[in-house]
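The structure presented is a predicted model; accordingly, all values stated were derived computationally and were not measured.
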Amino acid sequence: MATVGVLVYDDVQSLDVTGPMDVFAAANARVGARGLAYALCTIGRDATPVRTEGHVTIVPDTTLADAPLLDTLVIPGGAGSRVVNADPVLLDWIRERAASARRVVSVCTGLYILAATGLVDGRRVTTHWAHATDAQARYPHVRIEADHLFLRDGRFHTSGGLTAGLDLALSLVEEDHGAAVALAVARELVMYMKRPGNQAQFSAPLDAQTRGSGRLRALVDWLLDHLDEDLGVERLADRMAMSPRHFRRLFADTFDATPARYVERLRLERACVLLTSGTLAIDRIAATVGFASADAFRRAFRTRYGASPNEYRERFGR
């Protein structure tokens, strides 16, 4: 049984604490006769209850001084991470425990704490996309790659914002107990799909809702319903009642991508859902999402996700 310790401190993000713990707890219920997979505990600097950002009070199970030996140390994020990252007692404790732990995990802005220890200097890490630039400025010796749900570099695992901590915890369960247990946990927690770490922190449609406005936002909604059709610039410009030149410029200014690249991203994201939620043949998926051939689909998919469609299905399918 592996002991997972989750740090708690004032103004921690409650979901960063409870999300991973719920994933590990759900895994306990899935390993059956093998006994519990994980022993879980929250760890405070002392025994004083902490108040989360969401005004939930957590009473730590144990303290830094009394914490058990840990297999996995989880450092959650929250507004308080930019305060306790200057606590020398806490940082020394993390350095000491990291030396004996099998893995060290930061969730969201928990990276501010982990990076302050110096343990991930020179390593690839990620954090919430909105804090990536600031964190990189504060910790220039780490290599922040914000366009990831989660990353692993050696014993150190880091995740993007909030729900990405669930994806990371699920990947750790899969590492420990296999894909079947991880998928069972994902279903129990009603997660949309088991997402790989190299997936972007937000989808193209969500990106469109954030960046776009008016007719451009509506165009992305329309694209999602017509992925199997010809979506060349001329057709899209005509739909927007613009010249192709003006449409290209406006689209690129809004979405930081050419129309062709953006359409390809929409098609590949839809393909990921089809690969993991059903049994459609690869050539049928390619046609459904608008690729001219299965070979063109395979090449584009491997370029974006670093795996073939079949490999992706085997790893992340139900």
One pair to check against side chain to side chain contact (heavy atoms under 4.5 Å, CB included): V104 and L119. What are the steps and the verdict? CA-CA 10 Å; V104 179; L119 292 170; 5.7 Å; no
Could you go through the side chain to side chain contact (heavy atoms under 4.5 Å, CB included) check for V4 and M21 one step at a time? CA-CA 8 Å; V4 178; M21 291 188 78; over 6 Å; no
Decide side chain to side chain contact (heavy atoms under 4.5 Å, CB included) for W93 and V89; before the verdict, give the C-alpha distance in whole Å, the side-chain angles of both, and the deciding distance to 0.1 Å. CA-CA 6 Å; W93 182 87; V89 173; 5.6 Å; no
Does the side-chain hydrogen bond (donor to acceptor under 3.5 Å, both in side chains) test come out yes or no for T72 and R103, once each step is laid out? CA-CA 5 Å; T72 301; R103 56 196 175 200; 2.9 Å; yes
Derivation and outcome, side chain to side chain contact (heavy atoms under 4.5 Å, CB included), residues L236 and V233: CA-CA 5 Å; L236 301 185; V233 168; 5.8 Å; no
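Contact record, V289 with A271: CG1-N, 3.9 Å, taken as the closest heavy-atom pair. Taking every heavy atom of both residues into account, T63 and A47 meet most closely at CG2-N, 3.6 Å. Considering every non-hydrogen atom in both Y312 and L275, the closest pair reads CD2-CD1, 4.2 Å. Closest approach of A241 to R215, counting heavy atoms only: CB-NH1, 4.3 Å. When every heavy atom of V107 is checked against every heavy atom of S159, the shortest pair comes out as CA-OG, 3.4 Å. Nearest heavy-atom pair, V120 versus V142, reported as atom, atom and distance to 0.1 Å: O-CG1, 3.4 Å.
Of the possible donor and acceptor atoms, none in the side chain of R298 sits under 3.5 Å from a partner among the backbone N and O of S308. No side-chain donor-acceptor contact under 3.5 Å links T62 to the backbone of I43. For the pair R97 (side chain) and A67 (backbone), a donor-acceptor distance under 3.5 Å is present. For R45 (side chain) and L90 (main-chain N/O), no donor-acceptor pair under 3.5 Å exists by modelled atom type. Looking at D61, its side chain does come within 3.5 Å of a backbone N or O of T42 through a donor-acceptor pair. Using a distance-only test at 3.5 Å, with no hydrogens or angles considered, no donor-acceptor pair links the side chain of E174 to the main chain of A182. A donor-acceptor contact shorter than 3.5 Å is absent between the side chain of T127 and the backbone of L111. Of the possible donor and acceptor atoms, none in the side chain of D11 sits under 3.5 Å from a partner among the backbone N and O of A79. Using a distance-only test at 3.5 Å, with no hydrogens or angles considered, a donor-acceptor pair links the side chain of H226 to the main chain of W222. No donor-acceptor distance shorter than 3.5 angstrom exists from the side chain of R51 to the backbone of E53, with no hydrogens or angles considered.
Ion pair R30/E188 flagged as a salt bridge, since at least one NZ, NE, NH1 or NH2 atom sits closer than 4.0 Å to an Asp/Glu carboxylate oxygen. A salt bridge is absent between R267 and E264; no separation between the charged side-chain nitrogens and carboxylate oxygens falls under 4.0 Å.
Residues satisfying the side-chain contact (heavy atoms from CB on, under 4.5 Å) criterion with D238, sequence neighbours excluded, are absent altogether. Among residues two or more places apart in sequence or in another chain, the side-chain contact (heavy atoms from CB on, under 4.5 Å) test is passed with A39 by M1, T3. Remark: E234 pairs with no residue by the side chain to side chain donor-acceptor pair (under 3.5 Å) rule, at least two apart or across chains.
If you chain together hydrophobic residues whose side chains sit under 4.5 Å apart, Y112 and V83 never meet in one group. V74 and V59 fall into different hydrophobic clusters, where Ile, Leu, Val, Met, Phe, Trp and Tyr side chains are chained together by heavy-atom contacts under 4.5 Å. Hydrophobic cluster membership differs between V56 and L40, with clusters built from Ile, Leu, Val, Met, Phe, Trp and Tyr side chains linked at under 4.5 angstrom.
In this structure, R304 and R265 have side chains that are in contact, with non-hydrogen atoms separated by less than 4.5 Å. At least one side-chain heavy atom of I282 sits under 4.5 Å from a side-chain heavy atom of R313.
For the atom pair CD1 (I75) and CG (L114), the distance works out to 4.5 Å, reported to the nearest 0.5 Å. From L73, atom CG reaches atom NE2 of H157 across 11.5 Å, with rounding to the nearest 0.5 Å. From D283, atom CG reaches atom CG of D295 across 10.5 Å, with rounding to the nearest 0.5 Å. To the nearest 0.5 Å, atoms NE2 (H128) and OG (S81) are separated by 11.5 Å. The structure places CG of L227 at 10.0 Å from CG of L268, a figure rounded to the nearest 0.5 Å. Taking CZ of R248 as the start and CE of M242 as the end, the distance is 13.5 Å to the nearest 0.5 Å.
In R235, the CZ atom is crowded: over 12 heavy atoms of neighbouring residues, nucleotides or ligands sit closer than 6.0 Å. With a 6.0 Å radius and a threshold of 12 heavy atoms from other residues, nucleotides or ligands, R95 has its CZ atom above the threshold.
No hydrogens or angles considered: a donor-acceptor pair under 3.5 Å links the side chains of D46 and T48.
Results of the side-chain contact (heavy atoms from CB on, under 4.5 Å) test with V84 over I113, D10, L91, L7 single out I113 as the only residue that passes.
Taking the six-membered ring where the residue is Trp, F247 and F251 present tilted rings, their angle falling between 30° and 60°.
Within the structure, every pair that satisfies the ring pair (Phe, Tyr, Trp, His ring centres under 6.0 Å) test and touches residues 263-299, not counting sequence neighbours, is listed here: F291-F297, F297-F301. Pairs of residues two or more places apart, or lying in two chains, that qualify as salt bridge (Lys or Arg N to Asp or Glu O under 4.0 Å) and include a residue from residues 114-135 are R123-D153, R124-E145, D134-R138. Applying the ring pair (Phe, Tyr, Trp, His ring centres under 6.0 Å) test to residues at least two apart or on different chains, the pairs with a partner in residues 3-25 are F24-Y38.
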